[in-house]
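Bear in mind that the values here come from a model prediction, so they are computed numbers and not experimental data. Numbered from 1 within each chain, the chains take letters A, B, ... in sequence-line order.
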Protein chains: 2
Amino acid sequence: MSKDRSERIMQDLQQRIISGDLRPGERLDEVSLAKKYDVSRTPIREALLQLSSVGLIELKPRKGAFVSRLSIKTLMEMFELMAELEGLCARLAARRASAKELEELQALHNESREAVEEQDLDSYYGYNERWHEAIYTAARNDFVKEQTIQLRNRLAPYRRAQLGSGRRIEGSFDEHEKILDALKAGDDLGVEVLMREHVIHQGGTFGDFIARLPHEMADLIAMH
Amino acid sequence: MSKDRSERIMQDLQQRIISGDLRPGERLDEVSLAKKYDVSRTPIREALLQLSSVGLIELKPRKGAFVSRLSIKTLMEMFELMAELEGLCARLAARRASAKELEELQALHNESREAVEEQDLDSYYGYNERWHEAIYTAARNDFVKEQTIQLRNRLAPYRRAQLGSGRRIEGSFDEHEKILDALKAGDDLGVEVLMREHVIHQGGTFGDFIARLPHEMADLIAMH
DNA sequence: TCAACTCTTCGTGTATACAATATGGTATTT
DNA sequence: AAATACCATATTGTATACACGAAGAGTTGA
């Protein structure tokens with residue numbers, strides 16, 4: 001028995017939060033989790049602590065653990081940084097990507113065309129994630145890649161909640177194509193701007209995003 | 001007795017790591033720490049877990065906790081991101097800083113002049129930190145500010161170790177002045193570039209930085 | 001003399017027991 | 001009847017006890 005227990009539990013809970021199975025605001029009871037995973041409270045607590053350090057849950061003293069509910073202010077701030085980080089990855093990738101990596105990006109893009117034509121949102125969501133992650137990799141800065149993925153994970157519950165709302169899937173696909181062209185051309189500054197805007201537009205404009213919040217996601221947001 | 005224990009211990013250990021009191025590679029023994037802080041191992045473990053999530057220590061299974069030793073590769077990657085984040089803060093600050101915030105920046109800069117003239121490295125180090133942090137604040141994105149400070153903390157042991165080596169203090173001061181001018185002028189793109197270069201040059205050029213590593217900091221670096 | 005194996009010891013990983021506090025309900029008082 | 005105070009219960013925070021694994025020292029064999 002090495003320390004897989006708390007690690008495995010942490011991974012599982014993280015996945016359940018990212019996937020939306022556990023919704024923001026939901027309480028995480030230690031004893032229930034302990035029973036569910038058939039371990040003592042100790043590994044549970046360790047997993048919860050780690051998740052809180054990453055920002056996926058909040059630990060309120062003497063009250064317990066809750067899946068993080070982000071305020072609108074924090075959400076906007078996180079999106080602003082997300083756009084910058086994605087832009088950075090794209091800029092670096094434009095200078096550093098290998099021919100093979102560019103081919104992989106093109107291949108992923110080609111495959112995703114099918115999902116667009118069939119209007120398969122779930123499928124496109126998957127391709128989209130892999131495509132963006134391929135760019136993080138091509139940026140050849142593993143630390144930046146990790147940080148970017150971590151931030152994306154924290155935003156995941158909210159991005160998924162607004163998946164099919166508003167935005168047309170074709171728009172995203174077209175932007176990917178422009179970004180890909182700029183990447184191949186090695187236009188680092190150009191691709192940075194394109195990527196920033198792509199990320200910001202992902203859920204429609206910021207305004208649309210905020211405007212839609214109160215209705216569909218009211219209970220996911222922290223009200224201050 | 002609420003949960004201050006582990007929190008306080010975490011803060012204290014973090015400070016000791018950042019300040020260099022605990023050096024990279026150093027072992028953190030749970031029982032010794034428990035005796036030192038006069039608590040049981042439980043709060044100690046919780047503190048260590050949190051520190052590992054932030055990246056300040058590494059938790060090797062069945063082997064214990066060690067102050068993180070960063071590889072040269074990771075160090076360079078972190079510096080690359082640090083320069084970007086500082087540049088981002090500067091760019092945002094150029095657009096969003098209030099008149100009062102600009103005044104505070106100028107005031108801090110003026111006060112630091114004294115430290116420059118007296119060649120007081122420790123004093124200048126303090127002013128430098130406060131000045132940079134004032135820019136994070138002026139960027140008006142608390143999330144970005146937090147992330148930037150967190151990364152700076154992780155780099156702190158290494159930046160401090162190379163404090164007086166090589167670089168002349170006047171160079172930093174002059175760069176601050178140019179950055180301040182660009183900030184006041186609202187030249188967001190200009191100040192971003194200036195800040196990036198300033199951060200990269202902080203310890204001399206990257207090349208100098210790396211070249212000096214093996215001698216003064218050999219044991220702080222992870223060798224792979 | 002060197003190498004390999006075993007045993008001991010120390011420290012981490014996990015479970016459980018205990019302490020303290022917050023929350024909700026009930027009873028009492030105004 | 002409403003409000004407040006008090007108590008009971010449930011849940012977190014901390015301590016301790018136990019189990020497992022790793023590292024090192026000592027011994028035995030070649």
Figure out the [atom1]/[atom2] separation between [X] and [N], and round it to whole Å.
| X | N | atom1 | atom2 | result |
| --- | --- | --- | --- | --- |
| A:Asp29 | D:dG13 | CG | P | 12 Å |
| B:Glu46 | C:dT12 | CD | C1' | 16 Å |
| B:Ile9 | D:dT14 | CD1 | C1' | 11 Å |
| A:Leu59 | D:dT11 | CG | P | 16 Å |
| B:Arg45 | D:dA15 | CZ | C1' | 14 Å |
| B:Lys63 | D:dC20 | NZ | C1' | 17 Å |
| B:Ile44 | C:dT12 | CD1 | P | 11 Å |
| A:Leu28 | D:dT11 | CG | C1' | 14 Å |

Provide the full list of salt bridge (charged side-chain N to carboxylate O under 4.0 Å, His left out) pairs with a residue in residues 123-140 of chain A, sequence neighbours left out, each pair given once.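 The answer is A:Glu101-A:Arg140, A:Glu133-A:Arg152.
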Provide the full list of salt bridge (charged side-chain N to carboxylate O under 4.0 Å, His left out) pairs with a residue in residues 11-22 of chain B, sequence neighbours left out, each pair given once.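 Only B:Arg16-B:Asp21 qualify under salt bridge (charged side-chain N to carboxylate O under 4.0 Å, His left out).
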Nearest-0.5 Å distance that lies between atom CD1 in B:Ile149 and atom CG in B:Leu85: 11.5 Å
So how far is it from B:Glu84 CD to A:Leu92 CG, rounded to the nearest 0.5 Å? 6.5 Å
Side-chain donor-acceptor contact under 3.5 Å, B:Glu146 with B:Tyr136: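 B:Tyr136 and B:Glu146 do not have a side-chain donor-acceptor pair below 3.5 Å.
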If you only use heavy atoms from C-beta on, which nucleotide in [options] is closest to the side chain of [X]?
| X | options | answer |
| --- | --- | --- |
| B:Arg27 | C:dT12, D:dT14, C:dA15 | C:dT12 |
| B:Glu30 | D:dA15, C:dT23, C:dT12 | C:dT12 |
| B:Arg5 | D:dT14, D:dA23, C:dA15 | D:dT14 |

Table of protein N/O atoms under 3.5 Å from nucleotides 16-18 of chain C N/O atoms:
none

Where B:Ser6 and B:Pro43 come nearest, the two heavy atoms and their spacing: CB-O, 3.6 Å
Look at the rings of B:Trp131 and B:His176 and say which category their plane angle falls in: under 30° parallel, 30 to 60° tilted, over 60° perpendicular. parallel
With a 3.5 Å cut-off and just heavy-atom distances, do the side chain of A:Arg62 and the base of D:dT12 make a donor-acceptor pair?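 Check passes, donor-acceptor contact within cut-off.
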